[in-house]
Amino acid sequence: MAVTISIFRLNSLRRGLATIRKMNDSKIENIIKDGFVAYVPTAKGSMLGKTGMGFELQNVCFSYPGGEKTTPALSNISLDIKPGSLVVIVGENGGGKSTLIRILSRIYDPSSGEVLIDNRPSKEYQIDDLHRSSAILSQDSRIYPLSVRENIGLGHPDSYLDDAMIKQSAEEGGAAGFIGKLTKGYDTSVDPYTYVNHSNLKGKDHPLAKMAQDLRKTPDFSGGEKQRIVAARTFMRFKSGRISFVAVDEPSSALDAEGEYQLFQSLLANREGKTMVFVTHRFGHLTKVADQIICMKEGSVVETGSHPQLMAMNGEYAKLYNIQAKAFQDNAASM
Ligand SMILES: Nc1ncnc2c1ncn2[C@@H]1O[C@H](COP(=O)(O)OP(=O)(O)OP(=O)(O)O)[C@@H](O)[C@H]1O
């Protein structure tokens with residue numbers, strides 16, 4: 001029985017992956033060149049010493065290919081991100097935060113300037129290798145036409161049949177609660193099966209009617225529930241033991257304040273051996289424990305430092321922090 005279920009799941013995953021490949025092939029144009037060096041840990045670097053990926057950016061500029069803007073998305077960014085550090089990028093809309101995350105994750109290469117990863121030019125590394133060692137959690141992260149279990153299992157396909165691991169990842173991603181309330185639990189299909197309602201099959205005890213019934217589209221998940229499944233996939237990814245860089249780019253827009261807080265706490269609990277970079281507009285609880293805050297404006301880094309250092313500077317970060325703090329105090333006063 002277990003073998004039959006495993007074969008069924010494997011076939012289902014294969015079909016799903018073929019669909020995903022088609023979805024991606026049609027949309028993604030790879031504009032970066034692959035490197036020739038495997039991402040191998042160094043004593044100072046990631047996997048071996050379990051200290052996380054280290055970055056050094058030297059005069060990095062970036063303009064989006066075909067973008068409408070006359071000014072670059074990133075201008076002359078120079079900074080260090082130490083292995084194993086917790087970094088929070090803050091700043092106003094359009095400041096370049098997500099673009100910087102994409103450069104660090106090697107989704108794009110700089111238009112000019114250099115990025116060093118573990119002391120070596122990032123362009124020299126094989127892209128797949130770098131991506132296998134990185135986990136990116138963002139609003140762009142997708143739900144795939146697979147079961148809930150498979151959507152989570154994609155984070156670490158070698159272990160996608162490991163129920164305990166899937167469930168633990170769901171707990172960490174804040175998804176276990178609502179999955180537990182689904183009739184089919186982890187076997188619930190997520191999109192995009194169509195409801196087959198052919199009149200020839202109505203009320204018939206026909207094999208096709210049975211199949212059509214099984215294909216019935218399940219109710220859509222809410223935005224927050226989808227984000228929790230995607231978060232669970234990221235925690236599954238951590239279990240591969242390979243992840244040394246985690247980029248978190250505002251994954252929580254559809255989460256309530258409690259959901260976002262829990263998600264960030266779960267991520268921080270998994271910090272060991274990883275460099276973590278967060279982009280969020282609701283940053284107060286993160287920046288106070290961050291090793292480095294990077295404050296961006298109009299494509300430039302305007303301030304970097306710790307929370308006490310930047311508050312003492314009384315510049316852009318202090319302005320953004322005080323606006324948040326005031327909104328919080330006003331809310332508390334009106335309750
Ligand atoms: N795919 C894209 N193509 C063209 N231009 C883009 C693209 N993505 C972002 N930009 C532009 O690059 C600049 C920086 O955008 P980015 O998304 O990095 O800012 P951000 O600080 O993350 O903003 P937000 O806080 O609103 O998410 C903006 O001027 C934006 O319009």
Side-chain angles (χ1 to χ4, degrees), residues 23-33 55 57 59-79 81 86-113 115 122 127 131 134-142 223-224 226-227 230-231 234 245-255 257 260 263-264 267 275-287 290 292-305 310 315-325 327:
M23 283 158 68
N24 286 338
D25 282 354
S26 59
K27 290 199 179 131
I28 293 176
E29 183 193 352
N30 190 2
I31 56 164
I32 58 175
K33 286 207 177 75
F55 298 87
L57 276 66
N59 290 314
V60 165
C61 298
F62 181 79
S63 298
Y64 281 94
E68 302 282 319
K69 292 239 164 150
T70 49
T71 50
L74 296 179
S75 305
N76 291 312
I77 309 278
S78 293
L79 49 87
I81 295 179
L86 169 62
V87 176
V88 185
I89 310 177
V90 303
E92 56 191 33
N93 291 131
K97 304 180 293 296
S98 299
T99 308
L100 181 54
I101 285 271
R102 289 175 200 140
I103 294 281
L104 295 173
S105 315
R106 217 170 162 221
I107 292 171
Y108 295 118
D109 277 337
S111 314
S112 64
V115 177
S122 63
I127 297 167
H131 288 181
S134 312
I136 304 164
L137 182 56
S138 77
Q139 283 175 44
D140 298 338
S141 306
R142 280 183 172 158
K226 284 181 188 164
Q227 285 188 336
V230 167
T234 299
F245 172 54
V246 183
V248 184
D249 185 2
E250 291 189 82
S252 44
S253 57
L255 294 183
E260 177 182 276
L263 171 61
F264 286 176
L267 287 163
T275 303
M276 285 197 172
V277 180
F278 285 77
V279 170
T280 173
H281 286 286
R282 292 182 276 188
F283 52 76
H285 57 289
L286 272 179
T287 48
Q292 184 180 195
I293 301 161
I294 299 171
C295 185
M296 299 192 69
K297 193 172 182 177
E298 295 170 4
S300 298
V301 172
V302 287
E303 291 163 11
T304 64
L310 296 192
E316 185 68 18
Y317 172 77
K319 186 183 90 184
L320 295 172
Y321 181 84
N322 288 330
I323 291 170
Q324 281 199 10

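Counting convention: from 1, in listed order, for ligands and their atoms alike. Counting begins at 1 with the first residue of the sequence. Excluded from the calculations below are hydrogen atoms, water molecules and symmetry mates; all remaining heavy atoms, backbone and side chain alike, are included.
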Q: Among Thr280, Asp249, Thr99, which one puts a heavy atom closest to atom 18 (O) of ligand 1?
A: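 Closest candidate by heavy-atom distance is Thr99.
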Q: Which ligand 1 atoms does Arg102 reach within 4.0 Å, using its non-hydrogen atoms?
A: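 Reading through ligand 1 atom by atom, the close ones are 8 (N).
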Q: Thr280: what forms a side chain to side chain donor-acceptor pair (under 3.5 Å) with it, not counting sequence neighbours?
A: none
Q: Looking at ligand 1, does any of its N/O atoms fall within less than 3.5 Å of an N/O of Ala73?
A: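 Not met; the criterion fails.
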Q: Can you give me the closest heavy-atom contact between Phe283 and Gln324, atom names plus distance?
A: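 Residues Phe283 and Gln324, closest heavy atoms: CE2-NE2, 3.3 Å.
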Q: What are the atoms of ligand 1, with element, lying closer than 4.0 Å to any heavy atom of His281?
A: 25 (O)
Q: Is the ring centre of Tyr64 less than 6.0 Å from the ring centre of Tyr108?
A: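 Yes - the distance between ring centres of Tyr64 and Tyr108 falls below the 6.0 Å cut-off.
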Q: Mark yes or no for whether Thr304, through its side chain, and Ile294, through its backbone, hold a donor-acceptor pair below 3.5 Å.
A: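 Checked: no pair found.
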Q: Relative to the heavy atoms of Glu250, which atoms of ligand 1 are at a distance of less than 4.0 Å?
A: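 Going through ligand 1 atom by atom, the ones under 4.0 Å from Glu250 are 27 (O).
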Q: Has the side chain of Glu316 got a donor or acceptor atom that lies under 3.5 Å from a matching backbone atom of Gly91?
A: no
Q: Between Gly95 and ligand 1, is there a nitrogen or oxygen pair with a distance under 3.5 Å?
A: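 Gly95 vs ligand 1: N/O contact under 3.5 Å present.
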Q: Shortest non-hydrogen contact from Gly96 to Leu74?
A: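 Nearest pair, atom of Gly96 first, then Leu74: O-CD2, 3.5 Å.
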Q: Quick check on Gly91 - does any of its heavy atoms sit under 4.0 Å from an atom of ligand 1?
A: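 Distance cut 4.0 Å: Gly91 fails for ligand 1.
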Q: Could you tell me whether Met296 approaches ligand 1 through its side chain, its backbone, both or neither, with non-hydrogen atoms closer than 4.0 Å?
A: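 Neither; nothing of Met296 gets under 4.0 Å from ligand 1.
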Q: Report the residues that fulfil side chain to side chain donor-acceptor pair (under 3.5 Å) with Ser105, sequence neighbours left out, ordered by chain and then residue number.
A: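 Ser105 satisfies side chain to side chain donor-acceptor pair (under 3.5 Å) with no other residue.
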Q: Closer than 4.0 Å to some heavy atom of Glu92 - which atoms of ligand 1 meet that?
A: 21 (O)
